[in-house]
Protein chains: 2
Amino acid sequence: MARAAGGDGPADGTDSPNRTDRTDGADGAEGVPGHAVEEIAAAWQRERPGTPVSSIGVVTPLWQLAKLFGDDRRRVLTAAGMDVATLDLLSVLRRAGSPYTLTTRELAARSLVSAGAVSQRVARAERDGLVTRRPGTGRPRSVLVELTDAGHQRVEATVDDVLGREAELLGGLSAEQQEQLAGLLRLLLADVRRRLGDDERLTQVGLLPQ
Amino acid sequence: MARAAGGDGPADGTDSPNRTDRTDGADGAEGVPGHAVEEIAAAWQRERPGTPVSSIGVVTPLWQLAKLFGDDRRRVLTAAGMDVATLDLLSVLRRAGSPYTLTTRELAARSLVSAGAVSQRVARAERDGLVTRRPGTGRPRSVLVELTDAGHQRVEATVDDVLGREAELLGGLSAEQQEQLAGLLRLLLADVRRRLGDDERLTQVGLLPQ
DNA sequence: AGGTCTAAATTTAGGCATGAACGTACTCCG
DNA sequence: CGGAGTACGTTCATGCCTAAATTTAGACCT
């Protein structure tokens, strides 16, 4: 997605050769394909000694990976006539199991998006016949959202593709590395969630990825 | 974020009690504050045996963490009269060192956003007097973007806050754990970038975080 | 030398998210 | 019992991004 316009053509494949002859000089180790993250912290240190760079080693790649995975998923889904937000919604309902019904309140909590966003997601999905909406009997103004057959089918048709693709992208890491990484991320997530969510009720989770 | 409307009130503290009396039954270990990621893979397995869930342990927390860090950063910056996209732009220029000038082409590559997004970011920043734009002498239609003094000051005023805050959020992990995590993320990032970017020139990096 | 090709930036259209204002249906207390 | 509170879903304005169309400036070939 750092891609410019121009569809899927051969694009600028003839790109790297004449790369270092431009504006440079202010750029250090540029042109090297894999210079990456370390360079960012180093640049801050060089330009602004004392900058608290300790977080960069974790946060930057985290960010980039999320962006890369997200963009990739979007592309996969667009090709299948689907979009990320809708799949997220449908997946949460699908995963919940029969009767595939949840309140918008829970949907918000499990999707990690705002209540307003859920309202809009559900409205779109309802317009497309993928879910239905009806008043619930529980709390005050509660609303129950239920997956339709069409919605059910849409999930079945795309989930494996998306998850399979992601597994493929993780293929560069060994099973142990993946496990180790998953463990550390889980640990960090729990801690961060406690620090933020604690007094801010990001309470539940159950998010995005499928 | 996952908050509804209505300011900062005590919100739904009285929430968990009457939670299981609604739609549930299809919800397993719900209500538990920290049920999290494992539950997602388990739910897929239960509902749809054979679903390729192997990636979930890594991708889901990755995603959630990026969202949490991103939202938090946005809040910090909003309070300071700044926004994430602009700080990203200014930071890249600041880090590049004197003369704090880069082409839009490079800005796009280093920010991991589309060319159109860069155009808009620069236009906004220029309108606010944070950067200037002028034709370059290099390639055909190249444009040089340079940080103004005002832009320079804006970076100085916010970077430490943002980075400091992030370091704080990482505080739950020991230095070794952070390092280990950083290493695995770096490894994965390099590999993913190769798989995607290789034939698609997400070539450069140098992204977001600060 | 001139026409065509190519690559880069910008513009435009559309999607989705946040946050704040609303409307409203229970709850709880006097 | 009745009125204020309060929690929840929706609506609205705004922001940012992607993808596609558009504009334009050099490069290359004959």
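We name chains A, B, ... by the order of the sequence lines, and we start the count at 1 in each one. Computation of the quantities below employed the complete heavy-atom set of this structure, encompassing side-chain atoms and omitting hydrogens, waters and symmetry-equivalent molecules.
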Any Thr104(A) side-chain nitrogen or oxygen under 4.0 Å from OP1 or OP2 of dG9(D) = yes
Is the closest basic N to carboxylate O distance between Arg46(A) and Glu39(A) below 4.0 Å?
-> yes
Quick one: side chain to side chain donor-acceptor pair (under 3.5 Å) partners of Arg165(A), sequence neighbours excluded?
-> Asp72(A), Glu168(A)
Quick one: Leu112(A) CG to dA17(C) P, roughly how many Å, whole number?
-> 12 Å
Whole angstrom is fine here: how far is it from CZ in Arg74(A) over to P in dC17(D)?
-> 12 Å
Which whole-number value in Å describes the distance from Glu106(A) CD to dA7(D) P?
-> 18 Å
Give a yes/no answer on whether the side chain of Ser114(A) brings an N or O atom under 4.0 Å of OP1 or OP2 in dG19(C).
-> no
Could you state the CZ-P distance from Arg105(A) to dA25(C), rounded to the nearest angstrom?
-> 19 Å
Remember a base hit wins even if backbone is also touched, and classify Ser119(B) as base, sugar-phosphate or nothing at under 4.0 Å, heavy atoms.
-> base
Just how far, in rounded Å, is P of dC16(C) from CG of Leu87(A)?
-> 12 Å
Expressed in angstrom and rounded to an integer, what is the separation of Arg127(A) atom CZ from dT10(D) atom C1'?
-> 16 Å
Would you please name every residue forming a side chain to side chain contact (heavy atoms under 4.5 Å, CB included) with Asp160(A), sequence neighbours left out?
-> Arg48(B), Thr51(B), Pro52(B)
Report the residues that fulfil side chain to side chain contact (heavy atoms under 4.5 Å, CB included) with Gln153(A), sequence neighbours left out, ordered by chain and then residue number.
-> none
Rounded to whole Å, CZ of Arg75(B) lies from P of dT18(C) at a distance of 11 Å
Between dA8(C) atom C1' and Arg133(B) atom CZ, what is the distance in whole Å?
-> 14 Å
Results of side chain to side chain contact (heavy atoms under 4.5 Å, CB included) for Ser54(A) - residues two or more places apart only = Ala167(B)
Would Asp128(A) and Arg154(A) pass as an ion pair if we require N to O under 4.0 Å?
-> no
Could you list all N or O pairs between the protein and nucleotides 12-16 of chain D that sit under 3.5 Å apart?
from    : atom 1 : to        : atom 2 : distance (Å)
dC12(D) : N4     : Gln120(A) : NE2    : 3.1
dC16(D) : OP1    : Asp83(B)  : OD2    : 3.2
dC16(D) : OP2    : Arg124(B) : NE     : 3.4

For Ala66(B), what residues pass the side chain to side chain contact (heavy atoms under 4.5 Å, CB included) criterion, not counting sequence neighbours?
-> Ala66(A)
